[in-house]
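Order of the sequence lines sets the chain letters (A, B, ...), proteins ahead of strands, with each chain counted from 1.
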Amino acid sequence: MCPEPIPTGVALSRERLLEAYRTMRRIRSFEEKLQELVLAGKMAGFLHLYVGEEAVATGVCMHLDSRDWVTSTHRGHGHCIAKGVGVAGMMAELFGRATGLCKGKGGSMHIADMDHGMLGANGIVGAGIPLATGAALTAKVKRSGGVGVAFFGDGASNQGQFHESLNMAQNWKLPALYVVENNGWGEFTPTGFVVPVADIAERARSYAMNALIADGMDFFDVFEKAAEAIARARRGDGPTLLECKTYRFSGHYVGDTLAYRSKEEAEHWKQRRDPLERFEHRVVEAGLLSSDALRSADGEVAAQIASAVAAAEAAPLPDPTSVTSDVYVNG
Amino acid sequence: MSRLLSTGQAINEALAIAMETDPDVILLGEDLVGGGTREVEGTDEMGGVLGTTKGLEKRFPGRVLDTPISEMGILGTAVGAAATGLRPVAELMFMDFLGVCLDPLLNQAAKLRYMFGGKARVPLTVRTVCGAGMRAAAQHSQSLYWMTAGIPGLKTVIPSNPAEAKGLLLAAIRDDDPVVFCEAKGVLMQRGEVPEGDFTIAIGRANVVRTGADVTLVGFGATVSVALAAADALAKEGTHAEVIDLRSVAPLDEETILSSLEKTGRLVVVDESTPRCSIASDVAALCVDRGFDFLNAPVRRITAPHSPVPFAAILEDAFRPDAARVIAAVREMG
Ligand SMILES: Cc1ncc(C[n+]2csc(CCOP(=O)(O)OP(=O)(O)O)c2C)c(N)n1
């Protein structure tokens, strides 16, 4: 693979570059561990992996802080990690433990962390989009300077909730960012079977909304485009639809046989476009980070995940009577 | 002749028969065919998340439509098509997704005929998966048949085994009113004997699956096997339970329930859903309204608690009604 130059608009310190790499690696390793646990029968539930799409969440969330909110999808682990949610609480949740982020009530599809501006994964395709719009409305009314960011798939852009949200956000000039992760598939159906436009970004035009397209397999491209969109939102100039062209390396969920997709297609993306490998080639080639520094980051991440698994396995199960708690604020 | 089939295979067979016998039957939904249909080497058609619609597009080209993830569009289009000459079977992957597409059912399918003075027909079937038990948590596990059952103009059926799934689905598709066909997860995982060929099971009639004189256990969908397991255990204690499978929760077969209650004097209804405004509550109310004189003990409702469906196994298991709770309720009746 021939190394590509880093966009001139992206000037990141060594620390920030390492942070980006660590986040992407943390997402990748966390999910590889989940896959192993599910296949070994140690973890239950519907798990949808983000492997391959790490650059999107990372490139966007590096611009966010504690004023900002993100909403996610059924494929939510990457967004959690990129927004700064701790892997120990996440792992405990996925193990259904009392110490989990959601006390074992949410699981993978509803994992959330209100303390880190993570308004939840979502089991309902498209439902996070208006929620992020609402977070942007709060930010605008309260003049917090925050932004609401919705991550969602190309498939979700076929829902009414997407169109209604974009229209409202543009009309109200909300500080919102709509990040479409176009991975070419919705479950087992190719996007082209059910979507007549070539780019989801085209849909922004009907709402007179700013739209950008990024290479979702390239951290630097996502980072640069997200910077522009988020700065615009914080300035009060309104929302942006940012389409990131990406690919999910795994099946739709853990256990998917992948019978519907050609191996060649997947191999092409894995061999040529892997966001972690591309990042590494470029920063090493440019002399910004050494391979040693990256390998030691890998080691740190692996240790962190191993200790999250050990802690989760040792943690107590929820008390069965807690089924009926948390239904209402008082009781 | 009958063979051992899974509920999914039985449904596939019913869909094929319906399409074979009526050119107006079309299927629409997400991933009904899926990728692997463009002759890409080494790929295969998916035929739905559970393979339920597999092979149908090849047999009936152009009549199995893969839709975008647009439930409001899917159901609304299906209602319009049904009112104008087709007999669509729309798939709503999980019943929880009713949340994003209620209007076509609530305000359109259910009401067109009435509002138009009896001049419209909406022969629509909506197939949908419901129920807990797969660690799928709050948004993929609800049993919302109480909601559709409460809407005048809609019918709601829920088979308890593969054979019933085939017969009820054929009846639903051929019914001239909109029918919600619920596929309980617990039932989808079952295998059972399914008769070959074309047959229907009448909508609105319950089935007495086991006779007994001491107590009536009412179940439907996945709770029929819960009631049967309880009946087995109770029989060992000398208590003989009659088990009724409602098959259809709207309309409700009041006569079969009441005549069993008249015989046994005691009734327990087992419902996977939350308790408020539930089928269990309806059955209990029926017993009090029309069966009061038959009652020798208070009617007992065994349901999930008034809460969303939790994720963790230990919580979800506590959420779901089980045979132990049914047995305990019967014992408490004395
Ligand atoms: C309202 C709703 N409809 C259908 C589904 C089932 N479902 C879950 S994920 C998915 C595909 C989503 O595709 P996309 O939005 O492109 O996201 P991706 O999975 O590719 O990340 C579908 C159809 C759902 N969870 N919610």
Looking at every non-hydrogen atom in both residues, tell me the closest pair between [X] and [Y] and how far apart they are.
| X | Y | result |
| --- | --- | --- |
| A:Ala312 | A:Ala92 | CB-CA, 3.7 Å |
| B:Val129 | B:Met93 | CB-O, 3.4 Å |
| A:Ala211 | A:Ala201 | CB-O, 3.7 Å |

When you compare the side chain of [Y] with that of [X], does any pair of heavy atoms fall below 4.5 Å?
| X | Y | result |
| --- | --- | --- |
| B:Arg301 | B:Ser281 | yes |
| B:Leu75 | B:Val126 | yes |
| A:Thr71 | A:Met118 | no |
| A:Gln159 | A:Glu164 | no |
| A:Glu93 | A:Cys102 | yes |

Partner chain B: residue of [options] with the largest heavy-atom pair count (under 4.5 Å):
| options | value |
| --- | --- |
| A:Gly100, A:Gly186, A:Gly123, A:Ala156 | A:Gly123 |
| A:Gly126, A:Ser322, A:Pro320 | A:Pro320 |
| A:Leu317, A:Ile124, A:Thr324, A:Val327 | A:Ile124 |

Heavy-atom distance under 4.5 Å to chain B: side chain of [X], backbone, both or neither?
| X | result |
| --- | --- |
| A:Tyr328 | side chain |
| A:Gln161 | side chain |
| A:Asp319 | backbone |
| A:Leu258 | neither |
| A:Val125 | side chain |

Worked check of salt bridge (Lys or Arg N to Asp or Glu O under 4.0 Å) between B:Arg320 and B:Glu272: CA-CA 6 Å; B:Arg320 302 182 72 203; B:Glu272 271 200 286; 3.7 Å; yes
Interface moiety of B:Val33 toward chain A, non-hydrogen atoms closer than 4.5 Å: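 Looking at B:Val33, nothing touches chain A.
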Per-residue contact mode, B:Ala313 against chain A (heavy atom under 4.5 angstrom): neither
What about [X] and [Y], are their ring centers closer than 6.0 Å?
| X | Y | answer |
| --- | --- | --- |
| A:Phe46 | A:Tyr253 | no |
| A:His77 | A:Tyr50 | no |
| A:His74 | A:His110 | no |
| B:Phe97 | B:His140 | yes |

Ring geometry between A:Tyr260 and A:Phe188 (parallel below 30°, tilted from 30 to 60°, perpendicular above 60°): tilted
Within residues 8-16 of chain B, residues adjacent to chain A where the heavy-atom gap is under 4.5 Å: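 None at all.
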Contact listing (chain A partner; residues 103-110 of chain B; heavy atom under 4.5 Å):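 Answer by number: none.
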Identify which of [options] forms the greatest number of heavy-atom pairs closer than 4.5 Å to chain A.
| options | result |
| --- | --- |
| B:Gln139, B:Met72, B:Met134, B:Glu30 | B:Gln139 |
| B:Asp96, B:Ile69, B:Asp317 | B:Ile69 |
| B:Leu315, B:Thr67, B:Asp44 | B:Leu315 |
| B:Ala318, B:Ser70, B:Pro310, B:Gly73 | B:Ser70 |

Under 3.5 Å side-chain donor-acceptor pair for B:Lys185 and B:Ser143: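 Side-chain D/A pair, B:Lys185 to B:Ser143: absent.
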Residue among A:Val56, A:Thr191, A:Val195 satisfying side chain to side chain contact (heavy atoms under 4.5 Å, CB included) with A:Asn182: A:Thr191
